[in-house]
Amino acid sequence: MSIVSYLDEAGLPTDLVKQTPGAKTPTTAVLVTQSGDGSYVGWMNETQVGLSTADLHSRASREALAERRRSAGDL
């Protein structure tokens, strides 16, 4: 089951989830030493996966951000 399918089944909105068929999923490894110190190593796959300026400035994105601000009491 994909993450988007899981979110759909849970009744969460997925209209702003951007999917890139065939792209490799970005990966992060979290490394923790015995003393509890941590660090991470990430591979973002920036050549295949990412958001464009158009994605961030789309009407749907602006409306979602405005709704988030309203619900948080920021407006």
Side-chain angles (χ1 to χ4, degrees):
M1 171 183 285
S2 73
I3 292 172
V4 174
S5 297
Y6 180 81
L7 295 171
D8 282 335
E9 285 188 9
L12 297 169
T14 58
D15 53 321
L16 292 176
V17 174
K18 183 175 180 180
Q19 297 184 61
T20 308
K24 294 183 187 279
T25 302
T27 305
T28 300
V30 178
L31 310 170
V32 181
T33 65
Q34 289 181 341
S35 65
D37 293 328
S39 62
Y40 71 93
V41 178
W43 175 69
M44 299 308 297
N45 192 13
E46 294 167 344
T47 60
Q48 293 182 318
V49 178
L51 296 174
S52 68
T53 302
D55 293 327
L56 299 173
H57 293 286
S58 71
R59 181 178 183 157
S61 293
R62 289 192 318 270
E63 289 174 355
L65 289 170
E67 177 58 31
R68 170 66 180 100
R69 288 186 191 115
R70 278 192 296 274
S71 67
D74 293 344
L75 293 178

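All values below were derived from every heavy atom in this structure, side-chain atoms included, with hydrogens, water molecules and symmetry-related copies excluded.
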Heavy-atom pair of closest approach, residues [X] and [Y]:
X: Arg68; Y: Ser71; value: O-OG, 3.0 Å
X: Thr25; Y: Trp43; value: O-CZ3, 3.6 Å
X: Ser61; Y: Leu16; value: N-CD2, 4.0 Å
X: Glu63; Y: Arg70; value: O-NH2, 4.5 Å

Checking Asp55 side chain against Ser52 main chain: does a donor-acceptor pair fall under 3.5 Å?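 Such a contact is found between Asp55 side chain and Ser52 backbone.
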Donor-acceptor contact present, side-chain Gln48 to main-chain Lys24, <3.5 Å: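 Yes; at least one donor-acceptor contact below 3.5 Å.
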Could you grab the distance from atom [atom1] of [X] to atom [atom2] of [Y], nearest 0.5 Å is fine?
X: Leu51; Y: Leu56; atom1: CG; atom2: CG; value: 5.5 Å
X: Met44; Y: Thr27; atom1: CE; atom2: OG1; value: 9.5 Å
X: Glu67; Y: Leu65; atom1: CD; atom2: CG; value: 10.5 Å

If hydrophobic clusters are built from ILVMFWY residues whose side chains come within less than 4.5 Å, do Ile3 and Leu12 share one?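 Hydrophobic grouping puts Ile3 with Leu12.
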Report the C-alpha distance between Leu31 and Ser39 in whole Å, list the side-chain angles of each, state the deciding distance to 0.1 Å, and finish with yes or no for side-chain contact (heavy atoms from CB on, under 4.5 Å). CA-CA 5 Å; Leu31 310 170; Ser39 62; 4.1 Å; yes
